[in-house]
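Below you'll find the structure, written out as structure tokens, and then a few comments.
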Number of protein chains: 2
Amino acid sequence: MNDIDQIIETLRGKQFRITPQRELIIRALADVDEDDHLTAEEIHKRVQVHTSAVNIATVYRTLDMLVEEGLVSRIDLGGDKEVFATVHHGMHMHLVCRQCGHVLDADAQILRDVGQYLFSEYEFVADLEHISLFGICANCQQ
Amino acid sequence: MNDIDQIIETLRGKQFRITPQRELIIRALADVDEDDHLTAEEIHKRVQVHTSAVNIATVYRTLDMLVEEGLVSRIDLGGDKEVFATVHHGMHMHLVCRQCGHVLDADAQILRDVGQYLFSEYEFVADLEHISLFGICANCQQ
DNA sequence: TTCGTAATTGCGAATAATTGCAACTACATT
DNA sequence: AATGTAGTTGCAATTATTCGCAATTACGAA
Ligand SMILES: [Mn+2]
Ligand SMILES: [Mn+2]
Ligand SMILES: [Zn+2]
Ligand SMILES: [Zn+2]
């Protein structure tokens, strides 16, 4: 079963209805390159290649739902840029420079300890597959 | 020297001009209780108690500047709620449930290792004093 | 199949946040 | 103290996102 069907099956299991709009949005998200992300606006554009009949409000609502269900991750790449990706976008984190905005991908294995700690101490299951951390990049430290 | 003067001195050292607007905004931010945060809108309201002559755009721009300079932290408390606090708001993290929106404060000592790793491996100085992590809270796990 | 109904969508309006630009002002220099 | 100027602000316009609600539709039950 591919990534798209996987997501759709999960949604069915949770009694969500599979509308053409949702299918197109999920497909757009899953069809990007492994290490790519899309903004809500970009997803909307890609969906409209197939049919102009998907409203931008529906894109926003569907993305909120997919994030809430844990099927898609919402990533803050600094101030204005918010992007989305499915779980097939492998585990890593984004180091975002708060000065120049540069984004560097980094290994996220070190977060495993954090996840275990948060669960054992607070019974909280943290999403650590794909997060952003802010700070100052090597360049901006002079 | 108190928190407010500290911030103002730092700004002066970086050639930023100290306008009445900026002073009021910094004061509003620093005058909250130790464990409190304010939204941009709330800061605007508090500033207007003193004078109605501060535009909301100036509040947004000043906050962006303070965050960029590392003097204030911007915290995402889930989707719509973004709050700000100065550094006197002690080190901890926010565990935000993506299902019910509940926010739990947690110890952040465990992030020290993460910070060291990111610096040694990527020369990135991460801001880990005050971050949010998303996931599922104990309650929403059934 | 057809039907009933709650979930979902589209649309337009409301709200939040950002931006361009002319006017203003903090502050270094004289 | 007066001046010059680059940094900052206010305002209005723009853009991004959310919301209310009536119309539509997915899908379980008949
Ligand atoms: Mn990524
Ligand atoms: Mn806090
Ligand atoms: Zn940088
Ligand atoms: Zn919860």
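Naming: A, B, ... by sequence-line order, numbering from 1 per chain. Values reported hereafter were calculated over all heavy atoms of this structure, with side chains retained and with hydrogens, waters and symmetry mates removed. Just so we're clear, the structure is a prediction, and the values are computed from it rather than from any experiment.
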Does His130(A) have any ring pair (Phe, Tyr, Trp, His ring centres under 6.0 Å) partners at least two apart in sequence or in another chain, and if so, which? His37(A), His89(A), His92(A), His94(A)

Ile18(A), Val87(A), Leu71(A), Leu29(A) screened by side-chain contact (heavy atoms from CB on, under 4.5 Å) with Ile7(A), the one that passes: Leu71(A)

Measure [atom1]/[X] against [atom2]/[N] and give the value in whole Å, please.
X: Phe84(A); N: dA16(D); atom1: CZ; atom2: C1'; value: 13 Å
X: Lys81(A); N: dA17(C); atom1: NZ; atom2: C1'; value: 18 Å
X: Leu24(A); N: dT8(C); atom1: CG; atom2: P; value: 16 Å
X: Lys14(A); N: dG28(D); atom1: NZ; atom2: P; value: 17 Å
X: Glu68(A); N: dT8(C); atom1: CD; atom2: P; value: 12 Å
X: Glu82(B); N: dT17(D); atom1: CD; atom2: C1'; value: 14 Å
X: Leu66(B); N: dT8(D); atom1: CG; atom2: C1'; value: 14 Å
X: Asn55(A); N: dA22(D); atom1: CG; atom2: P; value: 18 Å

For Ala30(B), is there any backbone N or O sitting under 3.5 Å from a side-chain donor or acceptor partner on Thr86(B)? no

Check this for me, if you would: do Glu9(A) and Arg12(A) make a salt bridge, where the nitrogen-to-carboxylate-oxygen distance has to be below 4.0 angstrom? yes

Tell me whether the count of non-hydrogen atoms from other residues, nucleotides or ligands lying under 6.0 Å of CD in Gln109(B) goes above 12. yes

Would you jot down, in residue-number order, the residues of residues 36-46 of chain A having a non-hydrogen atom under 4.0 Å from DNA chain D? none

Among residues two or more places apart or on two chains, list those pairs meeting side-chain hydrogen bond (donor to acceptor under 3.5 Å, both in side chains) that have a residue in residues 133-142 of chain B. none

By side chain to side chain contact (heavy atoms under 4.5 Å, CB included), which residues pair with Asp64(B), not counting sequence neighbours? Arg74(B)

Contacts of Arg27(B) that satisfy salt bridge (charged side-chain N to carboxylate O under 4.0 Å, His left out) - sequence neighbours left out: Glu23(B)

Who are the salt bridge (charged side-chain N to carboxylate O under 4.0 Å, His left out) partners of Arg112(A), not counting sequence neighbours? none

Rounded to 10°, the angle between the first-five-pair and last-five-pair axes of the helix from dT1(C)-dA30(D) to dT30(C)-dA1(D) is 40°

Transitively linked via ILVMFWY side-chain contacts under 4.5 Å: Leu95(A) with Val125(B)? no

Enumerate the salt bridge (charged side-chain N to carboxylate O under 4.0 Å, His left out) contacts for residues 99-111 of chain A, please, sequence neighbours excluded, ordered by first and then second residue. none

Excluding Phe134(A), membership of its hydrophobic cluster (Ile, Leu, Val, Met, Phe, Trp, Tyr; side-chain heavy atoms within less than 4.5 Å) reads Ile75(A), Leu77(A), Val83(A), Val96(A), Val103(A)

List the protein contact pattern of nucleotides 24-30 of chain C with one symbol per nucleotide (5' to 3'): B for base contact, S for sugar-phosphate-only contact, - for none; contact means a heavy-atom distance under 4.0 Å. -BBS---

Arg98(B): partners by side chain to side chain donor-acceptor pair (under 3.5 Å), with sequence neighbours left out: Asp127(A)

Taking only heavy atoms on the protein side, list every residue of residues 56-65 of chain B lying under 4.0 Å from any atom of DNA chain C, sorted numerically. Ala57(B), Tyr60(B), Arg61(B)

